[in-house]
Amino acid sequence: MKKRFWAAALAAAMLTTSAAPAQFLPPVEVQAANNNSSTGTEDTSTTEGVTVGGFLYTVSNNGEEATITGYNGTAKDITIPTKIKYTASGDADAKDDSNAISYNVTAIAANAFSGKLGIESLTMQGGMDSEGKQYGIEKVGDRAFFGCQHLAKITIAPTTASIGTETFADCVALNSITVTEGNKYYTSIDNALYSYSVSSGTGGYTLVQYPLGNTAVQYTVPASIATTLTAIGPGAFWGSPYLETVTVPSTVTTIGSDAFAECKFLTAAEIPEGVTTIGSGAFSGCTGLLSAEIPNGVSMIPASMFKDCESLKTVTLPESVTVINTEAFYNCRQLKEVVVPGSVTTIGDRAFANCSNLQQATIPVRTTAFGSGVFSGSPVTVRCHSGSRAHTYATSNGLTVVSTHTVSFYADAALKNLLSSQEVVDGGSATPPVIDEREGYQFTWSGSYTNVTADTTLYPVWDQYFTVTFIDDYNERSVSHEVKAGSYAPIPSWSMSGYTLYWDNSAVIGAINANMTAHAVWRNDTTGNEVGQNTVRPKSKGTNFEKGNNKYEVTSANVERPTVKFTGLANPSGITTVTVPKTVAYGGVTYYVTAIASKSLRNNRKIKNVYIGAWVEIIGGQAFYGCSSLKKIKINSKRVGTFGSKAFNKINANARFYCYASKVSAYRARLKKSGMKKPKISRL
């Protein structure tokens, strides 16, 4: 039997070979027509292929290469052979093996082991033989080991250059994936399988398979590739029995088909903004999923994306979406409301079918293509534009319809850049999009978006605004207004008793066309004196302060005549002469000293001389009581109207008062009235 005849009889698939260099390993050969002890299966041949060691093969490439297409053995630990030898006679003991045919095993076909239970470990081999030729597994087909639910450990050959989609998906016991050193296309990190771009070296990673047997409830991309992971491969997390949250980095742009399918405990779909492509069924069967938000940039909601997500309550779709595909939300039984973005043109077959709690769906005018049974089995009320294709579809399918009006928000008056398009029920309100601010401007929409009764088109109208600030420095108050250009600023209605308000910048009274500041000027209605920006306000009544060695208390904060009273000495030790001045300056304000406080110097036995300033009007009771050394009191004031009770009692018996001649008689009488029997008074 010649090789060419066997190639023609047995070929079932064409394979590509890889030139990836690998480490030297001896080929592992399996020969047909032997009873395989590891599988318990006798080798046989068929018209469709050949079974060796429990493995079913087909051949190609002129009968030189073999592809594993199936397995009927019972071994728990499987090593994929790298070479088979088939004896046409079927006689394993034949001395003459000139008719034996050797095949290099280079591939595992799609679905070859799919659903096989009992397999616990899998080893793929490859390398370079003694002649420097590469041998071993180069390609593994789609779903080759899908659903092998006892498979816990996998070793990938160094020669493997291609692994199909969902190859190890739903292998729920898988907790160890090893890539043999020398592989240029795949790597294993934390027992997860990643592929990476040959051209970029360590860049462009794709997560091919997560180890589903890992009991962690959260998956975070390893730090070593967190900035270069660009894709989550098809079926990468399919059927994880433990995961509750997955943190996908912002570098990811693609999520493959069925990537998170049947992850029963996943509660939220956190899809980063950079994702633009999502494969079909990406979250199908995630029965614990409660919410999902699709990022802007995704143009299509793929088929079955959230199919059978029975707990999904809310989903947010961006304006970038144009197509909602077949059964995208089929059997989402907790979904109550859906708002189809204004950008969507097509809704596929049964997209929202069997959503038993779906009460309302808003569909825009732009949606013109509807598949069959879009809302079958869903008690939905469709909100859509009167006369639109959605309106026709809903009524023809017996759905409850609420007519709406289209409110369109554009970026400017040219109406070329649509920001948002919403369907609003008659009399309802639209939600305007957020507009970036312009410094010095405020915007209003060109029309109303509330109480909508017709189709409405809106765009921003920008008005320039200026800041007008009014400041009353003296009374420590201010107010600012944003005033539309050409409009008048509201003038503060401030008042101050006995004064009329003016402004140092009269331009604030007219139409405003620049940022302005005006300071209050207060003009005394009697004297004409002005209090303005540079006027220092006196301290409030009752404020105490010291100047020199004297202590004072503010008795009036009147800006034009602030007054204080003398209250004593800060440090009376050794002081023999006390001067109560005419005025005292403090904090930029000059105060009139109009009084000497009661008991201010009582029982000070050191004082000998007192000089009283010209503005003093009151000398309080017992102010100098008991000042036994006090002999000279010089009163420069003609205004003293009150000498308080016992103000000068028990001072030195020889004490003498000095005052202006015109006040001698008056002051003598008042001193007697205060308690002095025979005050001695001389004129100044």
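Side chains included, hydrogens not; waters and symmetry mates left out as well; all remaining heavy atoms used.
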Discussion item. As a quick check of understanding, evaluate side chain to side chain donor-acceptor pair (under 3.5 Å) for Glu553 and Thr543, giving each step before the final call.
Written reply: CA-CA 6 Å; Glu553 179 183 327; Thr543 301; over 6 Å; no
Worksheet item: Between Thr406 and Gln422, is a side chain to side chain donor-acceptor pair (under 3.5 Å) present by the stated rule, with each step listed?
Response: CA-CA 6 Å; Thr406 303; Gln422 302 168 32; over 6 Å; no
Practice prompt. Step by step, work out the ring pair (Phe, Tyr, Trp, His ring centres under 6.0 Å) result for Phe648 and Phe657.
Written response: CA-CA 10 Å; Phe648 289 95; Phe657 293 86; 4.9 Å; yes
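Cation-pi check for Arg683 over Tyr658 is not met; the charged atom does not lie both under 6.0 angstrom from the ring centroid and within 45 degrees of its normal. In this structure, Lys638 is positioned above the aromatic face of Tyr660, its NZ or CZ under 6.0 Å from the six-membered ring centre and within 45° of the axis.
Other residues, nucleotides and ligands place more than 12 heavy atoms under 6.0 Å from the CD atom of Glu482. Under a cut-off of 6.0 angstrom, the local environment of CZ in Phe443 is crowded, with over 12 non-hydrogen atoms contributed by other residues, nucleotides or ligands. Applying the 6.0 Å contact sphere to OH of Tyr465 captures more than 12 heavy atoms from other residues, nucleotides or ligands.
Ring-centre distance between Tyr591 and Phe545: below the 6.0 Å cut-off. Annotation: Phe409 is in aromatic contact with Trp445 [ring centroid separation under 6.0 Å]. For Tyr502 and Trp522, the gap between ring centers reaches or exceeds 6.0 Å.
Residues Lys416 and Tyr410 have side chains not in contact (no heavy-atom distance under 4.5 Å, counting atoms from C-beta outward). Residues Ile491 and Ile509 have side chains in contact (heavy-atom distance under 4.5 Å, counting atoms from C-beta outward). Between Thr247 and Thr220 the shortest side-chain heavy-atom distance falls below 4.5 Å. Using a 4.5 Å cut-off on side-chain heavy atoms (C-beta onward), Gln442 and Trp462 make no contact. By the 4.5 Å heavy-atom criterion applied to side chains, Ile612 and Asn636 are not counted as neighbours. The side-chain heavy atoms of Tyr499 and Asn529, taken from C-beta on, include no pair separated by under 4.5 Å.
In this structure, a donor-acceptor pair under 3.5 Å is present between the side chains of Lys650 and Tyr625. Checking Thr555 against Thr563 by side-chain atom types alone, a donor-acceptor pair falls below 3.5 Å. Between the side chains of Ser682 and Arg656, at least one donor N or O sits under 3.5 Å from an acceptor N or O. When only modelled atom types and interatomic distance are considered, Asp525 and Thr500 share a side-chain donor-acceptor pair under 3.5 Å.
A donor-acceptor pair under 3.5 Å links the side-chain atoms of Asp504 to the main chain of His519, judged by distance alone. Formation of a donor-acceptor pair under 3.5 Å by the Thr577 side chain with backbone atoms of Asn609 is not found in this model.
Here ring pair (Phe, Tyr, Trp, His ring centres under 6.0 Å) pairs that include residues 418-442, with residues two or more places apart or in two chains, number zero.
Salt bridge status for Arg523 with Glu530: present, with a side-chain N to carboxylate O gap under 4.0 Å.
Ring geometry for Trp503 versus Trp494: interplanar angle of 30 to 60°, hence tilted.
For Tyr474, the ring pair (Phe, Tyr, Trp, His ring centres under 6.0 Å) criterion is met by no residue, not counting sequence neighbours.
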